[in-house]
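For reference, the structure discussed in these notes is given below.
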Amino acid sequence: MKRMAIILAAGQGKRMKSKLYKVLHPVCGKPMVRHVLEAVGQANCERAVVVVGHGAEAVQAELGDAAEYALQTEQLGTGHAVLQTKPLLGEADGVTIVVCGDTPLVTSSSLEALISLHQKEGAAATVMTAELADPFGYGRIVRGEDGGVLRIVEQKDCSAEEAAIREINTGTYCFDNRKLFAALGQVTNENTQGEYYLTDVIGILKGQGERIAAYKTDDPSEAIGVNDRVALAEAERLMRRRIALRHQTNGVTIIDPDHTYIGPDVQIGQDTVLHPGTILRGKTKIGAECVIGPNAELNDAEVGDGSTVRQSVVDQAQLGEGCQVGPFAYLRPGTRLLAKVKIGDFVEVKNSVIGIGSKVPHLSYIGDAEVGANVNIGCGAITANYDGYNKSKTVIGDNAFIGSNANLIAPVRVGEGAYVVAGSTITHDVAANDVAIARERQVNKPGYAEKLRIKARLKKEREESKS
Ligand code: UD1
Ligand code: CA
């Protein structure tokens with residue numbers, strides 16, 4: 001049977017007190033509405049329609065053509081929001097999932113379970129519910145004597161008796177598509193908030209003698225609807241824990257999961273150890289048997305097997321196998337370290353390739369460079385890649401040795417096996433196996449320091465005798 005999905009994302013989210021529209025607030029680095037869209041995609045929904053209103057352009061810019069859109073110009077309630085998708089979905093046969101854009105923890109496996117129960121029960125509507133210790137703020141599930149769902153009542157419309165019900169509406173449903181749109185036509189706004197509630201569809205269908213089912217999730221975190229920043233932090237904490245658990249199950253050691261921040265799309269190999277303060281974002285991919293952290297930040301980075309990254313920032317850079325980075329290194333976009341490269345303390349590398357086994361151990365800047373294999377770059381040596389107008393390239397051949405505090409003024413090439421003497425400022429190419437020295441020759445003046453001291457002492461004595 002054809003599966004469709006409707007994601008409600010037109011509200012402003014006043015309680016967030018933010019310039020950013022609610023559903024665009026990130027949880028573990030990914031906007032809430034994208035989490036939801038990916039979950040419905042993984043639950044094999046062929047079409048996903050996002051209802052947009054407040055911040056419509058921003059939401060569309062975020063999701064692009066991964067979804068279809070229906071515009072709700074005025075936010076008259078969740079039922080009214082779903083109705084805006086009628087021109088797109090109204091005539092289709094099949095089942096339709098409706099989910100709020102502010103419930104980022106809903107999982108595709110629960111959506112699958114919701115759909116299967118719906119089909120097994122032959123229901124017109126199936127609600128995903130959860131039992132919460134504190135149900136305040138959510139719609140309550142009112143069940144009849146036979147235990148079946150009768151209707152949903154919103155917090156603001158609850159009697160004292162209804163308010164005591166702990167089973168809540170997660171805001172996720174599965175409907176028979178045609179029955180959904182037929183019932184929506186009958187929803188009115190006669191309630192405390194003067195809104196067209198989607199939740200009224202349940203009572204309407206029930207009144208028509210239709211079958212209503214409920215799928216109760218045993219993971220209450222899925223129910224979290226993020227309406228304010230407190231719930232946002234709670235969603236972040238729960239998602240963080242869920243992501244950590246997935247990696248732990250796959251054989252990753254996380255020393256302190258509460259202080260390790262892993263994005264939803266990060267991949268990590270077996271027997272890798274993550275120390276506290278590690279932040280892995282975007283499409284970062286870490287190999288097996290690596291050691292990351294403490295306090296390492298990696299954005300869209302790739303790290304080969306057996307590498308170590310300590311107290312460093314790695315941004316859109318690739319590390320081969322067996323590399324050692326840090327402490328206190330900064331690898332910027334376009335950096336590619338081949339295998340067994342060592343990048344030490346206070347070293348910055350940008351848009352450069354460093355060959356197998358090469359070392360940049362301390363206090364260097366390497367930019368727009370191509371460094372061969374087994375090159376040693378001495379302490380404080382740098383590439384001067386920018387003259388204020390243009391960026392130029394430095395090429396260093398295999399087995400070259402760059403002495404401490406050398407300045408390589410780009411564009412410049414140092415040949416294979418060449419040797420640049422410490423303190424040199426290199427402005428001309430160095431041929432393979434040559435030694436380049438480019439610094440003032442040293443002159444020693446015998447006893448001159450002592451002479452200077454005597455001169456100074458005599459001057460001071462003259463001044464003191466005058467006064
Ligand atoms: C809704 C449910 C409530 C449920 C809770 C779960 C209704 C009437 N109530 O309440 O039973 O327990 O979710 O989190 O449905 N939206 C629109 N257009 C509108 C109004 C809302 O697109 O006109 C969107 C919002 O952007 C949001 C979602 O619908 O993503 C839910 O709206 P919200 O106002 O947060 O509903 P709740 O009061 O949380
Ligand atoms: Ca909500």
Side-chain angles (χ1 to χ4, degrees), residues 5-16 18 20-25 27 31-37 49-56 58-59 63 67 69-85 98-106 125 127-132 134-142 149 151-158 162-163 165-173 175 180 184 187-204 214 216-217 220-232 234-235:
I6 299 170
I7 299 172
L8 306 184
Q12 185 184 14
K14 284 198 196 94
R15 287 166 282 179
M16 293 297 282
S18 177
L20 188 64
Y21 299 103
K22 177 163 81 173
V23 297
L24 293 179
H25 276 265
V27 169
M32 292 199 270
V33 68
R34 189 174 268 283
H35 280 289
V36 175
L37 182 62
V49 179
V50 180
V51 181
V52 292
H54 280 285
V59 174
L63 299 177
Y69 301 93
L71 185 67
Q72 186 193 26
T73 43
E74 256 187 303
Q75 280 63 56
L76 303 179
T78 48
H80 179 259
V82 173
L83 203 53
Q84 308 313 304
T85 68
V98 177
V99 51
C100 297
D102 65 353
T103 53
L105 283 116
V106 67
V127 192
M128 194 188 293
T129 73
E131 197 90 29
L132 298 188
D134 177 12
F136 187 84
Y138 291 97
R140 306 297 204 284
I141 304 295
V142 181
V149 176
R151 60 199 168 88
I152 298 172
V153 53
E154 290 303 294
Q155 174 74 46
K156 287 180 179 158
D157 303 301
C158 274
E162 288 162 342
I165 298 171
R166 295 201 304 128
E167 188 184 6
I168 61 103
N169 168 27
T170 63
T172 302
Y173 323 77
F175 291 101
L180 166 65
L184 273 176
V187 171
T188 68
N189 63 351
E190 286 150 21
N191 51 54
T192 314
Q193 303 191 79
E195 285 185 4
Y196 295 88
Y197 291 163
L198 173 61
T199 44
D200 284 356
V201 164
I202 302 298
I204 290 167
K216 195 191 280 184
T217 166
S221 74
E222 290 201 74
I224 284 207
V226 175
N227 295 328
D228 58 28
R229 309 258 185 168
V230 176
L232 182 67
E234 182 64 4

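All values derive from a computational prediction rather than experimental measurement. Every number for a ligand or one of its atoms is a count from 1 in the order of the listing.
- The distance from atom OH of Tyr196 to atom OG1 of Thr78, rounded to the nearest 0.5 Å, is 12.5 Å.
- Ligand 1 lies nowhere less than 4.0 angstrom from a heavy atom belonging to His80.
- Close approach of ligand 1 to Lys22 (heavy-atom distance below 4.0 Å) involves ligand atoms 35 (O).
- Scored by the side-chain hydrogen bond (donor to acceptor under 3.5 Å, both in side chains) test, Tyr173 finds Asn169 as partners (sequence neighbours excluded).
- At a cut-off of 3.0 Å, measuring from the Ca ion (ligand 2), the protein N, O or S atoms that fall short of it are Asp102 OD2, Asn227 OD1, waters left aside.
- The backbone N or O of Glu131 lies less than 3.5 Å from no partner atom in the side chain of Arg166, so there is not a single donor-acceptor pair.
- Against a heavy-atom cut-off of under 4.0 Å, Cys100 is close to the following atoms of ligand 1: 28 (C), 31 (C).
- Within the 4.0 Å heavy-atom shell around ligand 1 one does not find Gly53.
- For atom 1 (C) of ligand 1, the nearest protein heavy atom is 4.0 Å or more away.
- Counting only heavy atoms, the protein gets under 4.0 Å from atom 12 (O) of ligand 1.
- Using 4.0 Å as the threshold, Asn227 has a heavy atom nearer than that to some atom of ligand 1.
- Across Ala223 and Ala130, no two heavy atoms sit closer than the pair CB-CB, 3.9 Å.
- The distance from atom NZ of Lys156 to atom CD of Glu195, rounded to the nearest 0.5 Å, is 8.0 Å.
- An N or O contact shorter than 3.5 Å links Glu154 to ligand 1 by distance.
- Applying the salt bridge (charged side-chain N to carboxylate O under 4.0 Å, His left out) criterion to Asp102, with sequence neighbours excluded, gives Lys22.
- In this view, Ala81 and Leu8, Val51, Gln72 satisfy the side chain to side chain contact (heavy atoms under 4.5 Å, CB included) rule, not counting sequence neighbours.
- Of all the listed residues (Gly11, Ala81, Gly77), Gly77 holds the heavy atom that lies closest to atom 20 (C) of ligand 1.
- Within a 4.0 Å radius of atom 15 (O) of ligand 1, the protein contributes one or more non-hydrogen atoms.
- Taking distance alone, with nitrogen or oxygen atoms compared against 3.5 Å, Thr78 approaches ligand 1 more closely than that limit.
- Near Gly101, meaning under 4.0 Å from one of its heavy atoms, ligand 1 places the atoms 30 (O).
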